[in-house]
Amino acid sequence: MLSKEEIQHIALLARIGVKEEEIAGYQKDLSAVLDFFRELETAVVDETLSVGHITGLTDVTREDHAEDFGASGRAMLLKNVPEQKDGFVKVKSVF
Amino acid sequence: MIRELHEKLVAGEITAVALAEQYLQTMEEKEGEIAAYLTVLRTQALESAAFVDEQLKRGEPIDLLAGIPGAIKDNICMAGVRATAGSKILDNYIAPHDATVIKKLKTRGVVILGKTNMDEFAMGSSTESSAYQTTKNPVDTSRVPGGSSGGSAAAVAAGEAVWSLGSDTGGSIRQPAAFCGIVGLKPTYGRVSRSGLIAMASSLDQIGPFATSVEDVAIVFSRIAGADPLDATTAASGNDKPFEDYLTGDIKGLRIGIPKEYFSDELDPRVREVTDKALEHFKSLGATVQEISLPHSQYALPVYYILMPSEVSSNLARFDGIKYGLSINDQKDSVTGTNKLLETYLDTRRYGLGAEVKRRIMLGTYTLSAGYYDAYYKKAQKVRALIKQDFEAAFKEVDLIFSPTTPEAAFRFGEKTKDPLKMYLSDVYTVTANLAGVPAISFPIGTIEESATALPIGGQLMGKWFDEETLLRAADAFERHATSQNKQSA
C-alpha cells in the first residue's frame with residue numbers, strides 16, 4: 001500500500017493538486033493496480049532486450065530550419081492563450 | 001454503402017447537399033437519445049457538400065469518398081473547430097490546424113458532420129468517463145457503446161454517419177466496433193499519421209476508421225494512410241494504395257492461427273460458440289485454421305498498464321493552464337493558497353482533469369520516478385519486446401491471428417465504473433496488437449442473447465506488420481459470404 005507521503009510526492013511531481021481527503025482514494029486505487037503489476041515479476045528478460053520504435057524506425061530527421069507562420073499564425077495560437085499581454089503569454093510568478 | 005452512394009451521386013440520383021441534409025436530419029432525430037456528437041458542423045458540412053455538387057455539375061470526376069458524410073472523434077484536430085478530447089480542460093480550445101488525416105480527407109471532398117464523444121483523453125472502454133455526456137449503444141440504449149471511441153462507433157451504428165474516425169491505443173476502435181456491431185480497423189503502428197491527434201500514448205496510438213462494412217473501412221483507410229513528415233514515427237511502407245481494390249473475396253489457403261492462451265475455460269461459452277462458428281465459416285471459404293502459441297500473452301495487460309500511463313503522464317503534462325485550455329488562477333478552494341505559478345498548475349489540473357485521467361497520470365508518474373523506473377517501466381519495455389517476438393514467431397506459421405475482440409458483449413452503464421481494474425481487464429484481447437504494433441480489425445461475427453436482446457459479438461483478426469491488405473481481404477471475404485447463421489445467434 002502506497003503511503004500518504006508517496007501519494008503527495010507523486011501528486012506534486014505530476015502537478016496535480018490533491019487535498020487531504022482525496023489521498024486515501026489514490027492510495028487504494030494506485031495500490032490495486034500496482035499489485036496487478038506483480039504478474040510482471042515472473043517474466044524472464046534478457047538484459048540486452050530493448051524496443052524503441054515498434055517497427056524498427058530509427059533516426060528520422062529533417063532539415064533544421066524554422067518556419068515562420070506569420071502574423072495570422074501567431075494570432076491563431078494566441079487565440080487560445082488564457083491570459084496574454086502585448087503578444088506574450090502571461091503567467092503568475094514562480095517565486 | 002460508400003460505393004452505392006457514390007454511384008447515386010455520379011448518376012445525379014441524389015445531390016451531396018441532399019445527402020448531407022438527410023444525415024443531419026437523422027442526427028436531429030436520434031441525438032436526443034444516442035448523444036454521439038459533441039459538436040455538429042452543419043454549415044461546414046453543407047459547404048463541403050455544395051462544393052462536391054459544383055464539381056458534379058461541371059462533369060468533373062470525384063473521389064469515392066467525395067460527398068460521403070462522416071464523423072471525427074474529438075481528439076482529432078480540425079482547424080477552427082473546438083477539440084475537447086472529451087475533457088473540460090479543453091472546453092474552450094479551438095484547434096489552430098487540421099490533423100494530417102483531416103487534410104488528406106478534405107482533399108477527397110468528404111463531408112464532415114461533426115466531432116464525436118469519447119472517454120476523456122481516450123482513457124476508458126465505455127465512453128462513460130467523458131466529461132460531457134453519456135453516449136448510448138444504438139443496439140441497446142441501456143448499454144455502453146464501448147470506448148474510448150464510443151461516439152464515433154455509435155454514430156455509424158445509429159445511421160448518423162456513413163463512416164467515422166476513431167483512435168486506438170489499447171482497443172479503443174476495435175472494442176466499440178464489436179459492442180456496436182460494426183467494423184473498426186486499427187492500422188499498423190506508423191501507417192497513419194498521428195499529427196493533429198491529441199496524444200495519449202505515443203508509442204501505441206493509431207487513428208483508424210469505422211464503417212458498417214469492411215469495404216467501406218478499406219476505402220476510408222486508403223485515404224488516411226501514408227508517411228508524413230510531420231510525424232516521424234510514420235513509415236514509408238511502400239504500399240499505400242486503394243486497399244479496396246484488393247478485396248477479391250478469395251481466401252483459399254490463408255492460414256489462420258488461434259492463440260491457445262486466449263481460449264481459457266473462463267471464456268464465456270456463448271462467446272466461444274460464436275467464435276467457433278466463425279472459424280468454421282473461414283474454413284468453408286478455404287482457409288486453414290491451426291492452434292498457435294503467444295507465450296507472453298499473460299503479461300500484455302500489466303505491460304500495457306505500465307507503459308501507457310507512463311507515456312500519458314508525459315503527454316498530458318502540457319495541459320497546465322498556460323498556453324491553452326482551462327486556466328484556474330484564483331481558485332478559492334486552491335491547494336496551496338500561495339498565488340504563485342505552481343498553484344495554476346495544481347488547481348487547473350485538479351479541476352480540469354477527470355478522475356480516471358488523474359489516476360493514470362499518477363500511476364505513470366510513479367512508474368517513471370526515480371527508484372521505480374527500472375522495476376516497472378524498463379521491465380515492461382523489455383517484456384514488450386518479448387511480446388513482439390511472440391508475433392514474429394507466430395507469423396512464420398500463419399498469415400493471420402483470430403480471436404474474439406472482447407470476452408463479453410456490451411455491458412450496462414455503471415457496471416464497471418466502481419472498480420478501475422475491472423474495466424482494464426476487458427482489454428485483454430485488444431492491447432496486444434498495440435504493444436506489438438500489428439494491424440487489427442474487428443468485424444461482426446454473430447450475437448449472444450442477454451435479457452432478450454441479441455448483442456453483437458466482434459471477431460478480431462490481427463495481421464503482419466503493414467499487411468492490412470490480407471487483413472482486409474479476410475474480413476471482407478468473411479462478411480461477403482456470411483450466412484444468416486453468422487449474423488444471428490445459435
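Order of the sequence lines sets the chain letters (A, B, ...), proteins ahead of strands, with each chain counted from 1.
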Using heavy-atom distances under 4.5 Å, tell me whether [X] contacts chain B through its side chain, its backbone, both, or neither.
| X | answer |
| --- | --- |
| A:I16 | both |
| A:V89 | side chain |
| A:R15 | both |
| A:E41 | backbone |
| A:E6 | side chain |
| A:T61 | neither |

message: Between B:F121 and B:F319, is the ring pair (Phe, Tyr, Trp, His ring centres under 6.0 Å) condition met? List the steps.
response: CA-CA 11 Å; B:F121 284 110; B:F319 303 108; 4.8 Å; yes
So which residue, [options], ends up with the most heavy-atom pairs under 4.5 Å with chain B?
| options | value |
| --- | --- |
| A:T42, A:L2, A:L57, A:I10 | A:I10 |
| A:A32, A:G73, A:G17 | A:G17 |
| A:I7, A:L13, A:V33 | A:V33 |
| A:V60, A:V94, A:D29, A:V91 | A:D29 |
| A:K90, A:E39, A:M76 | A:E39 |

Donor-acceptor side-chain pairing of [X] and [Y] below 3.5 angstrom:
| X | Y | result |
| --- | --- | --- |
| B:D91 | B:T84 | no |
| B:E356 | B:S129 | no |
| B:T169 | B:N434 | no |
| B:S203 | B:E311 | yes |

- prompt: Parallel, tilted or perpendicular: which fits the ring planes of B:Y424 and B:Y305, with parallel below 30° and perpendicular above 60°?
  reply: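 Aromatic pair B:Y424/B:Y305 classed parallel.
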query: Has A:K28 got more than 12 heavy atoms of other residues, nucleotides or ligands less than 6.0 Å from its NZ?
result: no
Check this for me: does any side-chain nitrogen of one of [X] and [Y] sit under 4.0 Å from a carboxylate oxygen of the other?
| X | Y | answer |
| --- | --- | --- |
| B:E343 | B:K340 | no |
| B:D228 | B:R194 | no |
| B:D347 | B:R350 | no |

- request: For side-chain hydrogen bond (donor to acceptor under 3.5 Å, both in side chains), just list the numbers for B:S297 and B:D390, CA-CA rounded to whole Å, side-chain angles, deciding distance to a tenth of an Å, and then say yes or no.
  value: CA-CA 9 Å; B:S297 296; B:D390 279 0; 5.3 Å; no
Among [options], single out the residue with the greatest number of heavy-atom pairs under 4.5 Å to chain A.
| options | result |
| --- | --- |
| B:L301, B:D419, B:L326, B:L316 | B:L301 |
| B:L341, B:T188, B:I94 | B:L341 |
| B:N339, B:L342, B:N92 | B:N339 |
| B:M362, B:Q381, B:K378, B:R360 | B:M362 |
| B:Y189, B:Y93, B:Y299 | B:Y299 |
| B:H97, B:K323, B:Q389 | B:K323 |

Region of [X] that comes under 4.5 Å of a non-hydrogen atom in chain A:
| X | result |
| --- | --- |
| B:T344 | side chain |
| B:L435 | backbone |
| B:A317 | neither |
| B:A375 | neither |
| B:I387 | neither |
| B:T234 | backbone |

task: Kindly say whether the aromatic ring centers of B:Y372 and B:Y377 come within a distance under 6.0 Å.
output: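 Here the rings of B:Y377 and B:Y372 have centres that are no less than 6.0 Å from each other.
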message: Test your reading of the model: is there a side-chain donor-acceptor pair from B:T348 to the backbone of B:Y345, 3.5 Å cut-off?
response: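 Side chain of B:T348 to backbone of B:Y345, a donor-acceptor pair under 3.5 Å: no, none is there.
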message: Determine whether a donor-acceptor pair (N or O, by modelled atom type, separation under 3.5 Å) exists between the side chain of A:K92 and the backbone of B:N329.
response: yes
